[in-house]
Student: 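Just passing along the structure, written as structure tokens.
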Amino acid sequence: MAYSEKVIDHYENPRNVGSFQKDEAGVATGMVGAPACGDVMKLQIKVGADGRIQDAKFKTYGCGSAIASSSLVTEWVKGKTLDEAGSIRNTQIAEELALPPVKIHCSILAEDAIKAAIADYRKKHGTTETTETTEKPGLRAAD
Amino acid sequence: MNEGANHFELMGLPIAFAIDAEKLERAYRDLQSRVHPDRFASASGTEKRLAMQWATRANEAYRTLKDPVGRARYLLLLKGFDTGEETNTSMPADFLMEQMELREAAATARSERDAPGLEGLRSTLEESRKDMLRMLARALDADHNYDAGCSLVRKLRFFEKLDEEIDDALELLHEEEEAR
């Protein structure tokens, strides 16, 4: 199967590979896995005091499409609010990378990973989607 | 032979995860010999075609039931449960973390050409896999906890993948060794 140029680019020069310290301020982690292909994906976000994602990192064990999908998502989410980042759809990822139908699950995995990271952030910080816009999510309103 | 029989029934086995492996082998050999093309050499076209269809069914049933993960998946399907291997990505975080560490260890051992390390990893993996199969047997046959069964099938898929990676790495090391 031929990979698109964009997939190869992300695969050969993956952006934002690595990890943040788990207990670093504003850091949240999303871990997901695809049983059918055994891919494992960890996506971390670092949220600033303004509620925007300052930085993102990933580590993926999987095929080229899975690596490219997570690499792309870490690029896309930087500078976005949690709501904006949470609205990224796998179809956008698949379209950008020109993924063939058999690799669509890789883009689903990346969408689920960013959603899981956002959910982890919200769980840690006690913010919900609705209070998000009125309160500063970077600050722990509940503490 | 009953047209509507499921794989277990076709092989004369009770519908359960725990199976008598010898009985499965015997049933398969028996079925195979009954539908073997040699026996239909002088039969009509329809009969030949039917025999072929039965042979295909017997092969599929045997392959499915012989593999523990395939057998569990099939049993769950009969009980009306979808294992969600294609769609369910929300595995427990500690399980995924462990998988990631194992994949990392395999990748490191591979790049360091550490064959004993890879072998060690494989035996650790085999132990965990056996534990998991025991849990699967309990979930399916004793507790009838099919949700737990689905989750275990999904987990076992990650083990299969890891096992493949280790095999590939060992094969590669072996080839390099021979090339030298």
Side-chain angles (χ1 to χ4, degrees), chain A residues 11 14 17-23 27-44 57-67 69-70 73 88-90 93-94 101-124, chain B residues 67-70 72-73 76-77 81-111 118 121-122 125 128-129 132 136 147-169:
Chain A
Y11 179 67
V17 174
S19 302
F20 297 120
Q21 290 296 330
K22 254 200 308 208
D23 41 12
V27 166
T29 307
M31 290 275 302
V32 291
C37 54
D39 289 357
V40 193
M41 193 178 281
K42 180 173 84 171
L43 202 152
Q44 289 181 305
K57 289 203 182 297
F58 82 93
K59 208 170 213 182
T60 293
Y61 284 94
C63 67
S65 301
I67 290 167
S69 295
S70 31
V73 166
I88 292 173
R89 290 289 162 267
N90 82 285
I93 302 165
V102 292
K103 291 291 175 184
I104 296 300
H105 69 270
C106 298
S107 64
I108 295 174
L109 200 59
E111 179 190 323
D112 289 350
I114 182 67
K115 279 186 179 154
I118 293 168
D120 182 47
Y121 182 87
R122 290 194 164 128
K123 201 176 84 190
K124 278 182 184 164
Chain B
D67 165 43
V69 176
R73 181 186 304 119
L76 285 161
L77 192 75
F81 284 76
D82 176 1
T83 51
E85 292 155 69
E86 302 288 337
T87 47
N88 194 327
T89 62
S90 58
M91 305 295 298
D94 53 348
F95 174 78
L96 287 173
M97 204 60 91
E98 192 193 358
Q99 283 299 306
M100 196 156 256
E101 279 161 12
L102 288 167
R103 295 284 281 273
E104 226 166 274
T108 308
R110 181 181 178 150
S111 64
L118 286 166
L121 209 56
R122 184 151 67 179
L125 201 68
S128 309
R129 192 177 127 86
M132 220 163 257
L136 193 55
D147 284 322
C150 288
S151 164
L152 283 162
V153 165
R154 287 197 295 273
K155 285 184 177 176
L156 280 158
R157 291 298 296 276
F158 288 91
F159 279 78
E160 283 176 3
K161 178 69 185 182
L162 198 52
D163 201 42
E164 264 172 45
E165 298 248 310
I166 293 172
D167 275 348
D168 287 352

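Residue numbers begin at 1 in each chain, while the letters A, B, ... track the order of the sequences. FYI, side chains are in, hydrogens and waters are out, and symmetry mates aren't considered; it's all heavy atoms of this structure. All values reported here derive from a predicted model rather than from experimental measurement.
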Student: Taking side-chain hydrogen bond (donor to acceptor under 3.5 Å, both in side chains) as the definition, give me every residue that meets it alongside B:Gln99, ordered by chain and number, with sequence neighbours left out.
Tutor: none
Student: Specify the closest pair of heavy atoms between B:Thr89 and A:Leu109, including all atoms of both residues, with the distance to one decimal.
Tutor: CG2-CD1, 3.6 Å
Student: Who passes side-chain hydrogen bond (donor to acceptor under 3.5 Å, both in side chains) against B:Ser90, sequence neighbours left out?
Tutor: B:Asn88
Student: Minimum heavy-atom separation for A:Val40 to B:Arg103, with atom names?
Tutor: CG2-NH1, 4.0 Å
Student: I'd like to check the ring-ring contact (aromatic ring centres under 6.0 Å, His included) partners of A:Tyr11; sequence neighbours left out, ordered by chain and number.
Tutor: none
Student: Of all heavy-atom pairs between A:Pro35 and B:Glu85, which one has the smallest distance, and what is that distance?
Tutor: CD-O, 3.5 Å
Student: Tell me the residues of residues 159-169 of chain B whose non-hydrogen atoms fall below 4.5 Å from those of chain A, in number order.
Tutor: B:Lys161
Student: How far apart are the closest heavy atoms of A:Lys59 and B:Glu104, and which atoms are they?
Tutor: NZ-OE1, 3.1 Å
Student: In the structure I gave you, are the side-chain heavy atoms of B:Met97 and A:Met31 within less than 4.5 Å of one another anywhere?
Tutor: yes
Student: Could you report the tightest heavy-atom contact between A:Asp39 and B:Phe158, atom names first, then the distance?
Tutor: O-CE2, 3.5 Å
